[in-house]
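Small disclaimer: the values here were computed from a predicted structure and weren't measured. Below, chains carry the letters A, B, ... as their sequence lines are ordered, and counting in each starts from 1.
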Number of protein chains: 2
Amino acid sequence: MKNKIRDLRTARNMTQEDLAEIIGVSRQTINAIEKGKFDPSLPTAFKMSKLFKLPIEQMFLFEE
Amino acid sequence: MKNKIRDLRTARNMTQEDLAEIIGVSRQTINAIEKGKFDPSLPTAFKMSKLFKLPIEQMFLFEE
DNA sequence: TACTTTTGTAAAGCAAACTTTACATAAAAA
DNA sequence: TTTTTATGTAAAGTTTGCTTTACAAAAGTA
């Protein structure tokens, strides 16, 4: 699953640390998600959706 | 997090077992999600979204 | 009623999401 | 160049999504 988190974050001049604090996860978790190491949980995806004002489907690209 | 999985499933005359097989999880997992025992992973949510032809946000109601 | 299907749930175990600590590298700023 | 900030990554541990097995109860059907 690809995602646009890094682009959305940097476009807002936020650091991984900033985003992590707002979302309520660790900086390493943001880094891992941006790097595609693993997918976020549904609650984490929802929090990002709310912050970036974009539907989950537009931030995360699901591919079978 | 509330969800409409049970309604969507029964509206299509599917059993938990049917849905589980299509989505690729166990029947107990479907039951737990319907009962709100836990949230599905993002990939599982995407599969349901595809099957029911509804955006994730319309199937799962996130509440802080 | 008797039988079959569907649902609910519990226990034990595995895997993935996430944590904390820690350190190394890269990039930006002084 | 020196110092600070931001990013990358690793290791060990916790939590949660999910599995299998198993059984009980509810609901539908003969």
Side-chain angles (χ1 to χ4, degrees):
Chain A
M1 184 142 44
K2 291 176 183 171
N3 71 73
K4 300 176 180 170
I5 303 306
R6 171 151 305 187
D7 287 347
L8 292 166
R9 174 178 63 80
T10 55
R12 285 162 181 74
N13 287 316
M14 297 172 70
T15 65
Q16 293 182 343
E17 180 73 42
D18 293 335
L19 179 54
E21 279 175 19
I22 294 171
I23 297 301
V25 297
S26 70
R27 177 181 68 81
Q28 286 79 352
T29 290
I30 297 298
N31 186 76
I33 292 169
E34 287 188 356
K35 288 268 167 181
K37 298 269 173 64
F38 54 71
D39 301 319
S41 68
L42 191 54
T44 296
F46 263 106
K47 286 172 197 161
M48 290 176 163
S49 171
K50 198 168 185 177
L51 175 66
F52 293 131
K53 296 185 171 63
L54 284 175
I56 291 174
E57 286 84 354
Q58 214 164 318
M59 297 175 17
F60 296 93
L61 187 63
F62 182 64
E63 34 200 7
E64 311 282 315
Chain B
M1 183 141 45
K2 289 176 185 171
N3 71 73
K4 301 177 180 170
I5 305 306
R6 171 152 305 186
D7 287 348
L8 293 165
R9 174 178 62 79
T10 56
R12 285 163 181 74
N13 287 318
M14 298 172 70
T15 67
Q16 292 182 344
E17 180 72 42
D18 292 335
L19 179 54
E21 278 175 21
I22 294 170
I23 297 302
V25 296
S26 70
R27 178 181 67 82
Q28 287 77 353
T29 290
I30 297 298
N31 186 77
I33 291 168
E34 286 188 357
K35 288 270 167 178
K37 299 269 173 64
F38 54 69
D39 301 319
S41 68
L42 192 53
T44 296
F46 263 106
K47 286 171 196 162
M48 290 176 163
S49 171
K50 198 168 185 178
L51 175 66
F52 293 130
K53 297 185 171 61
L54 283 175
I56 291 174
E57 286 84 354
Q58 214 164 316
M59 297 176 18
F60 297 92
L61 188 63
F62 181 64
E63 33 200 9
E64 309 282 315

Problem - Spacing between A:Leu19 atom CG and D:dT7 atom C1', to the nearest angstrom - result: 14 Å

Completion exercise
CD1 of A:Ile33 to CE of A:Met48, rounded to nearest 0.5 Å, is 4.0 Å

What does the list of N/O pairs under 3.5 Å between the protein and nucleotides 19-24 of chain C look like, with a distance for each?
residue: C:dT19; atom: OP1; partner: A:Ser26; partner atom: N; Å: 3.0
residue: C:dT19; atom: OP2; partner: A:Ser26; partner atom: N; Å: 2.7
residue: C:dT19; atom: OP2; partner: A:Ser26; partner atom: OG; Å: 2.6
residue: C:dT19; atom: OP2; partner: A:Thr29; partner atom: OG1; Å: 2.3
residue: C:dT21; atom: O4; partner: A:Gln28; partner atom: NE2; Å: 2.8
residue: C:dA22; atom: N6; partner: A:Gln28; partner atom: NE2; Å: 3.0

Completion exercise
What one should report as the nearest heavy-atom pair of A:Glu57 and B:Ile56 is OE2-N, 2.6 Å

Handout entry: Protein-nucleotide distance (A:Gln16, atom CD; C:dA26, atom P), rounded to Å
Key = 16 Å

Handout entry: Protein-nucleotide distance (A:Ile23, atom CD1; C:dA17, atom P), rounded to Å
Key = 17 Å

Handout entry: Toward the 5' end of DNA chain D, by each residue's nearest nucleotide, A:Met14 or B:Leu42
Key = A:Met14

Exercise for the section: Could you state the atom-to-atom distance from NZ of A:Lys35 to P of D:dA6 in whole Å? Expected result: 17 Å

Practice task
Measure the distance from CD1 on A:Ile33 to P on D:dT9 and round it to the nearest whole Å.
Solution key: 15 Å

Handout entry: Atom NZ of A:Lys4: over 12 foreign heavy atoms under 6.0 Å
Key = no

Exercise for the section: Answer yes or no: does a side-chain N or O of A:Arg6 lie under 4.0 Å from OP1 or OP2 of D:dA6? Expected result: no

Exercise for the section: For B:Asn31 and B:Gln28, indicate whether the former's side chain and the latter's backbone hold a donor-acceptor pair under 3.5 Å. Expected result: no

Practice task
Please tell me which of the listed nucleotides, D:dC18, D:dT9, C:dT7, lies nearest to the side chain of B:Pro40?
Solution key: D:dC18

Practice task
Would you please confirm or rule out a distance under 4.0 Å between OP1 or OP2 of C:dT6 and any side-chain N or O of B:Arg9?
Solution key: no

Exercise for the section: Would you mind reading off the distance between B:Glu21 atom CD and D:dT19 atom P, rounded to a whole angstrom? Expected result: 12 Å

Handout entry: Length of the CD-C1' vector between B:Glu34 and C:dG8, whole Å
Key = 11 Å

Exercise for the section: Give the minimum heavy-atom separation between B:Phe60 and A:Phe46, together with the two atoms involved. Expected result: O-CZ, 3.3 Å

Handout entry: Separation of D:dG8 P from A:Glu17 CD (nearest whole Å)
Key = 14 Å

Problem - Below 4.0 Å: OP1/OP2 of D:dG8 and any side-chain N or O of A:Asn31 - result: yes

Handout entry: Of A:Ser41 and A:Thr15, the one whose closest DNA chain D nucleotide lies more 5'
Key = A:Thr15

Fill in the blank from the handout: Correct closest heavy-atom pair for B:Arg9 and B:Met14 would be NH1-O, 2.9 Å

Exercise for the section: Report whether A:Leu61 and A:Leu54 are members of the same hydrophobic cluster (ILVMFWY, side-chain heavy atoms less than 4.5 Å apart, transitive linking). Expected result: no

